[in-house]
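The structure appears right after this line, and notes come after that.
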Amino acid sequence: MRFPYNEKVLEHFKNPRNVGKIEDPDGKAIVGSPACGDMVAVFIKVEPTEHRITDAKFESYGCASNIATGSIITELAKGKTIEEAKSISWQQASEALGGLPKIKAHCSVLAVEGLREAITNYEEKHGLVKNKEPTTAEVIKRRLKNVMNPITGLDIVRGELVKDIKIENGNVDIYVDLPEAHIFAGNIRDEVKERVETLWDVKKVEIHFND
Ligand code: FES
């Protein structure tokens, strides 16, 4: 069988570098692709003086392209400062892999976005955010587009599970159209909190399910 991938992509797919979780990471992110519904998680360790990435790992629930890109971008990110690592593009990742089929561009975009989001998570947790955009319902919805409902395979915004978002004096209330007893309610609560709590002007996040 002829694969649409070159030798280098196949090599990174078969022997991906830096697979796994980092316990107690300094930054982490889970992002999903709207194009295919696949997901990738990225974890980083950062040295706090120069903000240099000392370790990067990933877990992919995506395809061969996504795994190969996760492998190469974690390699490229290690040793770089967060500013340098932020500018790693999917084109660079694809070039470093000797090229990916065009139809697979979104898979490497997903891995690169995972790295960028993990860096943002680090910056938010360490008060390093420069662009202090005030938190609005739109900002929160953008974040929640990466929280998936495992039953439908859709994120909770596109799946219309987010009924309402109220923001007052840094207190955020998010109303989710799922019963409190839903098997994934606990996971969804944790993920939503994790993504919203780090926003610079947010003090408290409450998730409300249906009774
Ligand atoms: Fe989903 Fe590649 S097809 S990540």
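Just so it is clear, the model here is predicted, and its values are computed rather than measured. We number each residue from 1, following the sequence as shown. In listed order, ligands and their atoms are each counted from 1.
- Given atom 4 (S) of ligand 1, the protein heavy atom at minimum distance is Asp38 OD2, 3.5 Å.
- Residue Lys104 approaches ligand 1 through these ligand atoms, each under 4.0 Å from one of its heavy atoms: 2 (Fe), 3 (S).
- Using the six-membered ring where Trp is involved, His208 and Tyr175 have ring planes that are parallel, under 30° apart on the 30 and 60° scheme.
- The pair Glu168-Lys166 does not count as a salt bridge, with every side-chain nitrogen at least 4.0 angstrom from each carboxylate oxygen.
- A continuous path of ILVMFWY side-chain contacts below 4.5 Å connects Val172 to Val192, so both sit in one hydrophobic cluster.
- Taking backbone and side chain together, His106 holds no N, O or S atom under 2.8 Å from atom 2 (Fe) of ligand 1.
- Of all the atoms in ligand 1, the ones that sit under 4.0 Å from a non-hydrogen atom of Asn66 are 4 (S).
- Inclusion of Cys36 in the first shell of atom 2 (Fe) of ligand 1 is not supported: no N, O or S atom falls under 2.8 Å.
- Asn146 places no side-chain N or O within 3.5 Å of a backbone atom of Ile30 that could act as its donor or acceptor partner.
- A side chain to side chain contact (heavy atoms under 4.5 Å, CB included) with Lys204 holds for exactly one of Asn171, Val196, Asp173; it is Asn171.
- The SG atom of Cys63 and the SG atom of Cys107 subtend an angle of 100° at atom 2 (Fe) of ligand 1, given to the nearest 10 degrees.
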